[in-house]
Structure formats: structure tokens, C-alpha cells
Amino acid sequence: MSLQRRILILATAVVLLAAVAVTALVRASSTAERKNRTQADGPQVTRGPVSLGPAGGDPRIVFRNMAWGPHRDELATVPAAAPEGDRTASGVACLRFHAAAGTGICLQAEQGGVPDRYRAVVLDARLKEVSAHDVSGIPTRARVSPGGRFAAWTVFVGGDSYAGTDFSTRTSVLDLGTGRLEASLEDYAILKDGKPYRSADVNFWGVTFTADERTFYATLGTAGRTHLVRGDLAARTVTTLYENVECPSLSPDGTRVAFKKRVPGLPAEAPWRLHVLDLASGTQTPLAEERSVDDQVVWTDDRTVVYSLPGDFGADLHSVPADGSGAPARLMASALAPAFLG
């Protein structure tokens with residue numbers, strides 16, 4: 001092949017690659033522009049004050065607004081009694097969020113960073129930034145303890161889905177009283193099946209706290225299996241309890257854990273069913289939701305759990321009774337990461 005022909009082929013390849021890049025950029029820009037336009041049939045969202053503190057006894061939901069328009073991804077609020085009602089947006093954007101006792105944790109993307117960078121921001125009751133901490137991956141889970149003393153978050157540092165086995169996570173716990181940050185639960189001593197355990201493939205995710213502000217539950221992944229662990233923040237230890245438990249969420253009364261469980265025979269990309277574990281008896285109850293839920297559920301009270309499923313505009317929130325009865329129902333369209341307050 002002549003030098004001239006080689007140069008021609010190279011030039012053609014460069015032009016084609018440039019065209020592909022431009023097309024992708026235009027499509028991304030077009031998609032972003034559409035997401036900035038309010039949907040005619042979507043929720044009504046207006047800017048206003050949003051609080052994580054007491055609100056005169058009126059229960060409310062604070063969540064990530066997924067409705068297309070200028071307030072997409074902002075924390076918003078609605079009365080708990082009218083979840084599909086008009087929304088008040090805060091101007092504070094979060095990818096993942098949780099709140100309790102007037103304190104919030106907001107996992108954010110830093111604007112303009114190449115590559116993408118993220119941080120965990122502690123918010124006060126008025127959504128003002130108290131502190132911020134760089135995180136090492138893509139945000140996926142967040143929790144605040146019932147008394148507001150601790151915050152935890154999980155990020156992906158390798159892979160991008162819990163569905164497969166090729167992923168790595170990092171889970172951090174922040175003591176909001178002292179400012180001490182446990183950068184990774186992987187530094188904790190592990191007691192597995194009654195014996196000390198160490199392995200290079202250990203991962204933790206999905207922290208949920210008890211009311212004593214010392215104990216937590218989480219998922220431990222190792223050797224291709226997942227385990228529910230109980231952790232002690234003071235002793236810096238975790239102890240395995242049950243296998244095949246992921247993304248636990250402790251009930252308000254502290255007696256049960258809602259979680260997602262891999263069920264044999266389901267598709268590899270959608271392997272989970274929601275269950276509730278009674279901590280005293282070990283009894284597991286499958287819930288009425290038959291779709292695969294890749295989320296850490298939130299309890300609205302001792303009777304009901306809420307979780308996200310893909311929707312037309314990102315995600316919708318659904319609810320189902322926690323005792324295995326009833327049927328699932330959509331709670332809110334275009335919403336994610338709820339906290340039930342008040």
C-alpha cells in the first residue's frame with residue numbers, strides 16, 4: 001500500500017471519528033436541553049424554602065426531584081399526605097440523599113470536573129452546608145442515623161452495578177459530633193461465622209443505623225457471597241449474621257430489616273426480590289413486589305417500605321406493606337432518595 005493511500009485512509013478515519021464525536025455531543029446536548037424543559041403532564045415544581053427540621057407536626061417527604069424542568073435533581077418536598085401534589089424545590093442538587101433529626105447527607109457531583117468528581121455534603125436543617133468530604137467514586141447509597149449523630153455513604157470505585165459481581169465499593173462513616181471520618185469500613189475487624197476473617201475482596205455497602213447511635217447493619221460482600229453484618233462503631237468490628245442479604249434498612253422499631261435478596265432462576269440483570277427479616281427469629285418474609293428492586297428501601301413507618309423503580313423520567317417511588325400482604329402501589333412519579341420527616 002502506497003504512503004499516499006495510507007494517509008488517505010488515516011484522514012478518512014479521523015474525519016469519521018470526529019463525526020461520531022460531534023453526533024454524540026449534539027445528542028447529549030439535545031437530551032440535556034429536553035430535560036431542562038418542564039413536562040406538560042409532569043409534577044408542578046416551584047422554588048421555595050425546604051427544611052429538614054420540625055415543621056409543626058406535619059409529616060413531609062424530602063427527596064431528589066427527577067421531574068424534567070429547571071429544578072431537576074434538586075431536593076424538593078411535599079406533604080406526606082399528598083405525595084403526588086405540588087412540589088417545592090430547594091435549589092440544592094443531590095445524586096443521593098438522606099436525612100434524620102434535622103441533618104442531611106447529600107452526595108453531589110462537582111460541576112465542571114474532568115473526570116467527574118464527587119463529594120459528600122453534610123446539610124443542616126435549612127440545607128446549609130456544614131462540611132464537605134471528597135469521595136472516591138460514583139455515589140450510590142446514603143444514610144443518617146436516627147438521632148443525627150452519624151452519616152454513612154457508599155460509592156462505586158469499580159464497576160457500576162450491584163447486579164453482577166465485578167464491582168468494588170467504598171463505604172465511609174462520619175461522626176458528626178466529633179468530625180471523625182472512617183474512610184472505609186474495610187478497616188474494621190470482621191468476625192465471620194464466629195472466626196476472624198480477612199480477604200482482599202471485601203466490600204461493604206448499604207449502611208443502616210440503630211437508634212442507639214452505636215450499632216449499624218450493612219452488607220458485606222466477599223468470595224462471591226453477600227452477608228448481613230452487625231457493626232459496632234465504638235469497637236470498629238462487624239459480625240456476619242445471615243447470607244444473601246443486600247442493602248438492609250432497619251425498621252423504626254428496630255426489630256426488622258428490609259432488604260433485597262437474590263432469587264435463583266431470575267435474570268442475571270434483575271435478580272432481586274424484596275424481603276423483610278425478623279432479627280429475633282430469623283424469619284424472612286417475601287414482599288408483594290415481584291419486580292426486581294435495586295435500591296435500599298426506606299420505611300415510612302413500621303408497616304410500609306418505599307423504594308425506587310425505573311420510570312419515564314428517571315425513577316418513580318413505590319410502596320408496599322412490610323408484612324408480605326397487599327400489593328405494591330406507585331407513591332410518587334419522578335422522585336428518588338426520599339426521607340420521611342416530621
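Within the 4.5 Å cutoff, the side chain of Phe259 has no heavy atoms near those of the Thr219 side chain. Contact of the Arg256 side chain with the Asp302 side chain is registered, since non-hydrogen atoms from C-beta on lie closer than 4.5 Å. Residues Arg143 and Phe216 are not in side-chain contact: their nearest non-hydrogen atoms beyond the backbone lie 4.5 Å or more apart. Counting heavy atoms from C-beta on, the side chains of Pro59 and Phe340 never come closer than 4.5 Å. Taking 4.5 Å as the limit, every side-chain heavy atom of Asp86 sits out of range of all side-chain heavy atoms of Thr46. Annotation: side chain of Thr208 is in contact with side chain of Tyr217 (closest heavy-atom distance under 4.5 Å).
Of the listed residues (Thr237, Leu220, Val207), just one forms a side-chain contact (heavy atoms from CB on, under 4.5 Å) with Val229, and that residue is Leu220.
Between His318 and Tyr307, the ring-plane angle classifies as parallel under the 30° and 60° cut-offs.
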Side chain to side chain donor-acceptor pair (under 3.5 Å) between Thr240 and Tyr197, intermediate numbers included
CA-CA 10 Å; Thr240 61; Tyr197 180 81; over 6 Å; no
Apply the test side chain to side chain donor-acceptor pair (under 3.5 Å) to residues Arg60 and Thr77: give CA-CA distance (whole Å), side-chain angles for both, the deciding distance (0.1 Å), then the verdict.
CA-CA 7 Å; Arg60 64 204 185 283; Thr77 189; 4.8 Å; no
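The environment of CZ in Arg236 is crowded: more than 12 heavy-atom neighbours from other residues, nucleotides or ligands sit within 6.0 Å. Shown here is Arg303, whose CZ atom has no more than 12 heavy atoms of other residues, nucleotides or ligands within 6.0 Å.
Checked by atom type and distance alone, the side chain of Asn203 pairs as donor or acceptor with a backbone atom of Thr169 at under 3.5 Å. Not a single donor-acceptor pair under 3.5 Å links the side chain of Arg64 to the backbone N or O of Leu336.
Between the OG atom of Ser51 and the CG atom of Leu341 there is a distance of 8.5 Å, given to the nearest 0.5 Å. For the atom pair CH2 (Trp153) and CZ (Phe97), the distance works out to 14.5 Å, reported to the nearest 0.5 Å. In this structure, CZ on Arg119 lies 11.0 Å from CG on Leu107, to the nearest 0.5 angstrom. How far CD of Glu84 is from CZ of Arg330: 5.0 Å, rounded to the nearest 0.5 Å. Expressed to the nearest 0.5 Å, how far CD of Glu110 lies from CG of Asp116 amounts to 10.0 Å.
The existence of a salt bridge linking Arg141 and Asp294 is confirmed by a sub-4.0 Å separation between a basic side-chain nitrogen and an acidic carboxylate oxygen.
For Ala142 against His98, the heavy-atom pair with the smallest separation is O-CB, 3.5 Å.
Residues Leu309 and Met332 do not share a hydrophobic cluster, clusters being chains of Ile/Leu/Val/Met/Phe/Trp/Tyr side chains in contact below 4.5 Å.
Scanning for side-chain contact (heavy atoms from CB on, under 4.5 Å) contacts around Ala109 gives Leu95, Tyr118, with sequence neighbours left out. Scanning for side chain to side chain donor-acceptor pair (under 3.5 Å) contacts around Ser308 gives Asp295, with sequence neighbours left out.
Using a 4.5 Å cut-off between side-chain heavy atoms of Ile, Leu, Val, Met, Phe, Trp and Tyr, Val263 falls into a hydrophobic cluster with Leu266.
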